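Everything below concerns the one structure shown next.
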Amino acid sequence: MTKKKHLDYEAESDVDDGKNLPKTFEDVLEQIGGFGRFQGLLLLFVLFYEIPSGFLAFVPVFVGGVPAVWHCDFEMDVSDNNLSLSSIVHTTMMTSSEVCTACSNGTRSAPPYTIVAEWDLICSKSWVTASITTIQMFGMFFGNTIPPQISDWYGRKVTFLGLMVLMTVGESVSAVAPNPYVFAVARFICGIGLAGYFSLNGIYTMEFLTPRWRQLGGCLGPLGEGLMILGVLAYFIRPWRLLLWATTFPFVTVLFVYPFLPESPRWLLRQKRYTEAASVLSYIARINGRKLRRRDVAVLKEIGDEESRAAGGGATVRYSYLDLFRRPSIRRKTLIFIGIWFCWAFTYFGLSYNIRNFGVDPYLMTVLMGGVDAIGFRAALLVNNRLGRRKALLAFTGISALFFLPVGFIQLFSPPGAYQSIFIPLILLGKMCVAGARSAVRVLTVESYPVSIRTMGFGVSRVSSTLGGMIAPQIAYLGSKWPSLPLFAFGTLGFLGALLSLLLRETSGKPLEDKLKEDTTGTQDKHKLEDKVNNNNNSSSTTSSGGGGGKGNKVTPLPALLVPDAFKHSNETNKNKKKGDEKRKKSKKKKGRKLRSKSI
């Protein structure tokens with residue numbers, strides 16, 4: 001596929017004039033087709049797995065659902081509970097709240113369609129289901145930190161395969177789990193793979209796209225369609241183990257897709273593997289009906305060399321998460337993204353897990369929420385380029401809050417189940433805006449980091465989304481007692497996310513950064529200090545020469561006493577300037593002599 005030997009070049013005569021010589025990596029991509037057949041296939045192959053990933057993320061809604069009715073398996077004296085014996089005989093249908101009272105010392109049974117029914121996770125064990133979902137979200141913490149590091153060290157392609165395998169294993173073990181403990185461990189593994197994939201898929205695709213088409217990597221993912229399909233599957237496949245097997249199967253198709261996926265050429269350049277990068281670009285050009293030019297390959301090497309020089313040496317540098325916080329500009333944007341991703345994840349996952357508290361059929365509500373997700377992701381395509389990433393994020397997060405807060409007030413002052421025809425559409429509209437915010441913040445986050453720390457920056461920014469996702473099941477649990485509480489929380493965090501987005505810089509239409517800028521506080525202070533030293537030296541020398549103090553009256557400036565190296569550097573700079581002035585004067589004298597001799 002991308003062998004080193006197979007390099008197809010255009011004829012050199014096509015580029016002899018040098019007018020079309022590319023200057024950036026984006027120019028190279030334009031030369032080999034821009035957005036062509038290869039980019040379309042890449043988006044299809046990589047983003048397709050958002051469908052089964054959606055299955056994996058939200059299947060706990062159905063697997064952990066509480067059955068509507070239960071059977072009490074024996075008779076007992078419940079006179080203290082004001083229930084007659086006839087109400088709890090063997091085949092009597094009871095609600096979950098009644099069965100906790102009537103059968104507090106006995107056994108309960110229900111159709112084994114969920115883990116709750118099979119493992120009797122009600123009454124004193126009702127907290128277990130929400131906790132298992134929280135454990136899955138806790139696994140996402142490691143998925144947002146470890147896979148991005150591996151991706152920046154060992155490549156996007158192999159990390160992609162590893163994450164697919166991890167999700168397949170986690171979902172398969174969940175389907176055969178004999179008890180809640182094994183099931184919880186399996187969901188933890190699922191969480192690692194899930195977060196790792198969502199951290200990687202946007203970056204992997206965007207690194208093959210030019211600025212005009214880059215947002216497709218963050219907006220075209222079919223996560224919403226995955227939710228819609230999950231609602232239909234869960235409706236027709238009620239046994240929870242069979243449902244898990246059905247949602248595992250799509251991951252197996254990666255075995256047929258993986259051989260056709262190339263490594264990211266941007267990452268290869270960062271590793272100074274120029275021949276492999278050229279081979280990948282030749283492969284892309286061939287699929288797009290183009291040919292790679294020899295001069296484009298030369299530009300690739302220049303880009304890689306410049307990145308290496310910016311890193312501070314000739315050897316390949318491996319960055320770590322500490323580099324996200326050493327540089328003030330990187331640290332600032334990282335902290336802002338952490339806050340925005342927390343607000344988004346808390347709202348998005350909270351709404352999804354809160355489906356059971358809306359008083360609507362959960363299967364229908366899942367399909368509807370998946371539908372508005374699909375619309376929201378695509379809506380971002382219309383505004384991301386026109387308004388810019390930052391303004392699009394501001395609009396989506398701010399408007400979502402305007403839908404959630406009124407619903408919270410309606411539920412607070414109305415009887416349970418009232419005005420559903422009003423607040424369900426408002427919730428769906430708010431969910432659509434949250435989905436649009438996801439697309440905007442994904443693109444903005446990826447575009448804000450240089451290639452050497454891009455997946456790590458995206459991953460650590462999404463770490464806070466893990467915390468938001470961990471709290472989401474618990475907020476849904478509280479929503480069963482106080483229905484308006486989650487909606488007030490969603491609205492408040494929506495406004496907070498909008499305010500944080502105002503602190504970011506726009507990235508729309510700009511090339512992706514290929515180098516990590518050295519802008520540490522120490523370096524900035526040193527440069528400022530050197531400038532002060534130079535100014536003080538110039539002023540002191542002027543004063544000594546004009547004031548009659550002579551050579552012995554030069555005063556050493558205070559900053560030079562504090563930083564002698566800077567002072568030494570400034571003196572050397574001044575000496576070099578004086579030598580240059582003397583040379584220029586001598587050359588002028590020589591020219592004058594020659595002119596006079598010619599005139600004579």
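All figures in this text were calculated on a predicted structure; none of them were measured in a lab. Note: hydrogens, waters and symmetry copies are ignored here, and every other heavy atom, side chains too, is used.
- Using a 30° and 60° split on the angle between ring planes, F160 and Y204 fall in the tilted class, from 30° to 60°.
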Derivation of the side-chain contact (heavy atoms from CB on, under 4.5 Å) call for F495 and L402: CA-CA 9 Å; F495 276 124; L402 297 178; 3.7 Å; yes
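- Between atom CZ of residue R238 and atom OH of residue Y363 there is a gap of 3.5 Å, rounded to the nearest 0.5 Å.
- Formation of a donor-acceptor pair under 3.5 Å by the R378 side chain with backbone atoms of D373 is not found in this model.
- The residues R270 and E207 are annotated as not salt-bridged, no charged nitrogen and carboxylate oxygen being separated by less than 4.0 angstrom.
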side-chain contact (heavy atoms from CB on, under 4.5 Å) evaluation trace for I189 with V173: CA-CA 9 Å; I189 295 173; V173 174; 5.9 Å; no
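- Checking side-chain atoms of E263 against main-chain N and O of G155 turns up no donor-acceptor pair under 3.5 Å.
- Nearest heavy-atom pair, T129 versus G64, reported as atom, atom and distance to 0.1 Å: CG2-O, 3.3 Å.
- Relative ring orientation between F188 and F138 is described as tilted, the plane-to-plane angle lying within the 30° to 60° band.
- Looking at Y449 and T334, their side chains do bring a donor and an acceptor atom within 3.5 Å of each other.
- The one candidate from W267, F38, Y283, F45 that meets the ring pair (Phe, Tyr, Trp, His ring centres under 6.0 Å) condition with F208 is F38.
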Trace of the side-chain contact (heavy atoms from CB on, under 4.5 Å) decision for F396 with S439: CA-CA 10 Å; F396 282 126; S439 295; over 6 Å; no
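- In this pair, Y348 and W344 present their aromatic rings parallel. The plane angle is below 30°, not in the 30 to 60° band.
- At distances below 3.5 Å, at least one donor-acceptor pair connects side-chain atoms of N288 with backbone N or O atoms of I32.
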side-chain hydrogen bond (donor to acceptor under 3.5 Å, both in side chains) assessment of R187 paired with T133: CA-CA 8 Å; R187 301 319 296 177; T133 307; over 6 Å; no
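- Look at K333 and E447 and you find no salt bridge, because none of the NZ, NE, NH1 or NH2 atoms lies under 4.0 Å from a carboxylate O.
- Nearest heavy-atom pair, N144 versus S199, reported as atom, atom and distance to 0.1 Å: OD1-OG, 2.9 Å.
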